[in-house]
Asks: 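Here you go, one structure.
Since this is a predicted model, take the numbers as computed values, not measurements. Order of the sequence lines fixes the chain letters, A, B, ..., with proteins taken first and strands second; residue numbering starts at 1 for each chain.
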Amino acid sequence: MIRLYNSRTLKIEDFKSIKPGEVNMYVCGPTVYNHAHIGNARPIIVFDTLRRVFEAEGYKVKFVSNYTDVDDKIIKKALEENVSEKDITSRYIKAYEKVREDLNTIKLDAAPKVTETMDQIIEFIDILVKNKNAYEIDGDVYFRVKSIDNYGQISNQNLDELQAGARIEENDKKESPFDFALWKKTADGIKWDSPWGKGRPGWHTECVVMIEDNFHGMIDIHGGGVDLKFPHHENEVAQNMAVHHNHIANYWIHNAMLNLNGGKMSKSLGNISWAQDVIDKLGSSLVRWFMLSVHYRKELNFSDEAIETAKKELDKVLMTLKNAMIKLQLNDYSGDDFDEESYRSFLDQMDDDLNTPNAYTVIYDTIKKLNASLRNKEINFKEVGKYTNSVDKMLKVLGIKYEKVKLNQDDKDLFKSWNDAKGIKDFEKADLFRQKLIERGLL
RNA sequence: GGUUCCUUGGCCAAGUGGUAAGGCAUCAGACUGCAACUCUGUGAUCGCCAGUUCAAAUCUGGCAGGAACCUCCA
């Protein structure tokens, strides 16, 4: 049984899919006006891992995540560079796709774009206007929050308590300060024709429409960063309630933010770390191992020290696997059965609201047993093989990729020569062979 | 002001009613031709105060400190 913390109910709940054996999930994607920073990598990794857990438990998963390719920031950037919006968005979508790929994520089943969903978005807004859930003023269209009676159900916000204009200047054209834009009349940049004149859609409608488009009804899981909970997800639900009379998804999953050296990453502080740079420097496996070393609902601090520790941990795991695989190959053992007990308890931890820190302890535990097994004078290769394959399967669920040693005849001869030299206590010769093995990365 | 959440050994981090997992680091051993790897052992009463309970890190209240969100930042 998979259990997940549902941020709509604020409780850990038993997961029950709408269709038996199938999971439909949607995660809000990025606005593509710039490269992905390391914080953006967290939801990518978390939800990819969640997908892998479902698949490991036998579910068929459909995972959709969008690209917001219409936005003020994109228009601004296009004007600055004197190129088209499309030039900007295709550049960053491409970069984003590379980050996803380099992070060893399973390919999305669909990655819809706003520009390619425009007809449906306009149609959807039109329905809201006709149903009096939205109203037009001077070419802008706003959602009438008071037209539905349970606004705030996702974020537990109460309209009376919300502080209007806490961060943004109030717009006195709107009926209520909490009404949000569905369509904006625009002077600059790319625009589309609509029943309300030329303009572009607001941000909150696209996800609702894309979910409808891709899944044709309620989905199991809707994910994203906690920063999207309010107002974005709240507004998605509001629109969906108005048209489809349901709250879109049964389970709302939000990952916590990532901090850089204890503080927030921001352009004004000039401390942005780009995801691609980090991946290029550390490798995808270390990035994933680090990101999953802390529970996804807890803030995670990205620092040199934390990376250093994560690297030691991962190296230890991979080193042990390497040693085991070499031992197995030197003895021509190639069984593919795995230790079911350890793999099961690993999955149990993953099933428990993606408790990756506890899942890691299962890995450490299995690695310890594997090492102990390798230390025996008389090695039980079947046992070594089982533990090795079990850990290998665990790492697959985490999306950790690593190179598996494959010994050729020369390598095997080298090991034999080394051992023979040691056998006759010719340590000078032995050290020579050892040096060669080290150079080949086999020790 | 509102909402949600966090505070566990030097660092990281699980546990959320029955008397503190794990990792990194430290120190001490073992193994080894030497080294690396590996193995064993090594420390906390859980921000503070009060309450509920046979029993609390875990529930309730208060206090202190911190975080995110409150109209487009994952």
Asks: Show which side-chain atoms of residues 303-312 of chain A pair as donor or acceptor with protein atoms under 3.5 Å away, not counting sequence neighbours.
Replies:
from: A/S303; atom 1: OG; to: A/A306; atom 2: N; distance (Å): 3.1
from: A/T309; atom 1: OG1; to: A/E305; atom 2: O; distance (Å): 3.2
from: A/K311; atom 1: NZ; to: A/D315; atom 2: OD2; distance (Å): 3.1

Asks: For a quick check, with a 4.0 angstrom heavy-atom cut-off, what is the B/S/- contact string for nucleotides 13-24 of chain B, read 5' to 3'?
Replies: SSS-----BSSS
Asks: Give the residues of residues 91-118 of chain A touching RNA chain B, defined as any heavy atom closer than 4.0 Å, sorted by residue number.
Replies: none
Asks: Hey, can you pull the residues of residues 434-443 of chain A with a non-hydrogen atom under 4.0 angstrom from RNA chain B?
Replies: A/R434
Asks: Between B/C11, B/A30, B/G33, which nucleotide has the shortest distance from any of its atoms to the side chain of A/R375?
Replies: B/A30
Asks: Pull out every residue in residues 376-386 of chain A that has a heavy atom closer than 4.0 Å to any atom of RNA chain B, ordered by number, or say none.
Replies: none
Asks: Could you give me the CA-CA distance, side-chain angles and deciding distance for A/Y151 and A/F178, then say whether ring pair (Phe, Tyr, Trp, His ring centres under 6.0 Å) is met?
Replies: CA-CA 10 Å; A/Y151 186 78; A/F178 307 110; 7.8 Å; no
Asks: What's the closest nucleotide to the A/M319 side chain, out of B/C5, B/C72, B/C37?
Replies: B/C37
Asks: What pattern of brackets, bars and dots sums up RNA chain B from 5' to 3', given Watson-Crick or G-U wobble pairs under 3.5 Å, [ ] for crossing pairs and | for another strand?
Replies: (((((((..(((.....[...)))..((((.......)))).....(((((..]....))))))))))))....
Asks: Using atom C1' in both nucleotides, what's the gap between B/A67 and B/G47 to the nearest angstrom?
Replies: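 Their C1' atoms lie roughly 16 Å apart.
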Asks: If you assign each of A/R297 and A/F427 to its closest nucleotide in RNA chain B, which residue comes earlier from the 5' end?
Replies: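 Of the two residues, A/R297 wins.
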Asks: Under 4.0 Å between a Lys/Arg side-chain N and an Asp/Glu carboxylate O for A/R51 and A/D48?
Replies: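 Looking at A/R51 and A/D48, the cut-off is not met.
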Asks: Expressed as a whole number of Å, how far does the C1' atom of B/U45 sit from that of B/A56?
Replies: 11 Å
Asks: Looking at B/C72, B/C5, B/C69, which one has an atom nearest to any side-chain atom of A/W203?
Replies: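 Nearest to the side chain of A/W203 among the choices is B/C72.
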Asks: Look at the rings of A/Y343 and A/F346 and say which category their plane angle falls in: under 30° parallel, 30 to 60° tilted, over 60° perpendicular.
Replies: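 Correct class here is parallel.
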Asks: Taking B/A44 as the reference, what is the distance to B/U60 when you measure between their P atoms (whole Å, please)?
Replies: 29 Å
Asks: Across the strands shown, which category fits A/K311 at heavy-atom distances under 4.0 angstrom: base, sugar-phosphate, nothing?
Replies: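 The answer is nothing, as A/K311 stays clear of every strand by at least 4.0 Å.
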Asks: Are A/D420 and A/K416 ion-paired here, with the side-chain N under 4.0 Å from a carboxylate O?
Replies: yes
Asks: Where the side chain of A/F230 is concerned, which of B/A74, B/C11, B/C69 is the nearest nucleotide?
Replies: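 Nearest nucleotide to the side chain: B/C69.
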Asks: The criterion is side chain to side chain contact (heavy atoms under 4.5 Å, CB included); which residues satisfy it with A/K436, sequence neighbours excluded?
Replies: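 Testing A/K436 for side chain to side chain contact (heavy atoms under 4.5 Å, CB included), a comparison that skips the adjacent residues, returns A/L414.
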Asks: Under 4.0 Å, counting only non-hydrogen atoms across every strand here, what does A/L374 touch: a base, just sugar-phosphate, or nothing?
Replies: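 Here A/L374 touches no strand at all.
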Asks: Side-chain donor-acceptor contacts of residues 36-45 of chain A below 3.5 Å, not counting sequence neighbours, with atom names and distances?
Replies:
from: A/H37; atom 1: ND1; to: A/G39; atom 2: N; distance (Å): 3.0
from: A/H37; atom 1: ND1; to: A/N40; atom 2: N; distance (Å): 3.3
from: A/H37; atom 1: NE2; to: A/N40; atom 2: ND2; distance (Å): 3.4
from: A/R42; atom 1: NH1; to: A/A256; atom 2: O; distance (Å): 3.0
from: A/R42; atom 1: NH1; to: A/M257; atom 2: O; distance (Å): 2.9
from: A/R42; atom 1: NH1; to: A/K298; atom 2: O; distance (Å): 3.0
from: A/R42; atom 1: NH2; to: A/H295; atom 2: O; distance (Å): 3.0
from: A/R42; atom 1: NH2; to: A/K298; atom 2: O; distance (Å): 2.7

Asks: Please identify each residue that fulfils side-chain hydrogen bond (donor to acceptor under 3.5 Å, both in side chains) with A/D365, with sequence neighbours left out.
Replies: none
Asks: Which nucleotide in the set B/G33, B/C72, B/A74 lies at the smallest distance from any side-chain heavy atom of A/N40?
Replies: B/A74
Asks: Parallel, tilted or perpendicular, judged at 30° and 60°: which one describes the rings of A/F15 and A/F54?
Replies: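 Because their plane-to-plane angle lies in the 30° to 60° range, the rings of A/F15 and A/F54 count as tilted.
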Asks: Tell me whether the rings of A/W203 and A/H232 are parallel (<30°), tilted (30 to 60°) or perpendicular (>60°).
Replies: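 Taking A/H232 first and then A/W203, their aromatic rings lie parallel (interplane angle under 30°).
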Asks: Between A/W183 and A/W196, what is the ring plane arrangement, given parallel below 30°, perpendicular above 60°, and tilted in between?
Replies: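 It falls in the tilted class, 30° to 60°.
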Asks: Output all residues satisfying side-chain hydrogen bond (donor to acceptor under 3.5 Å, both in side chains) with A/N214, sequence neighbours left out; order by chain, then residue number.
Replies: none
Asks: Within this structure, what is the CG-CZ distance for the pair A/L354 and A/R297, rounded to the nearest 0.5 Å?
Replies: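 Those atoms lie 10.0 Å apart.
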Asks: Just say parallel, tilted or perpendicular for the rings of A/Y142 and A/Y135, cut-offs at 30° and 60°.
Replies: tilted
Asks: Within the structure shown, what part of the strands sits under 4.0 Å from A/G39 by heavy-atom distance: base, sugar-phosphate, or nothing?
Replies: base
Asks: Not counting sequence neighbours, which residues clear ring-ring contact (aromatic ring centres under 6.0 Å, His included) with A/Y92? List them please.
Replies: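 A/Y92: ring-ring contact (aromatic ring centres under 6.0 Å, His included) contacts with A/H35.
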Asks: In chain order, what residues pass the side chain to side chain contact (heavy atoms under 4.5 Å, CB included) check against A/N6, with sequence neighbours excluded?
Replies: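 A/N6 satisfies side chain to side chain contact (heavy atoms under 4.5 Å, CB included) with A/R8, A/T9, A/E13, A/Y251, A/W252 once adjacent residues are dropped.
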Asks: Have a look at A/N235 and say if it touches a base, only the backbone sugar-phosphate, or nothing, with a 4.0 Å heavy-atom cut-off.
Replies: nothing
Asks: Would you say NZ of A/K429 has more than 12 non-hydrogen atoms from neighbouring residues, nucleotides or ligands within 6.0 angstrom?
Replies: no
Asks: Assign A/A181 to base, sugar-phosphate, or nothing according to its heavy-atom contacts below 4.0 angstrom with the strands shown.
Replies: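 Base, at least one base heavy atom under 4.0 Å.
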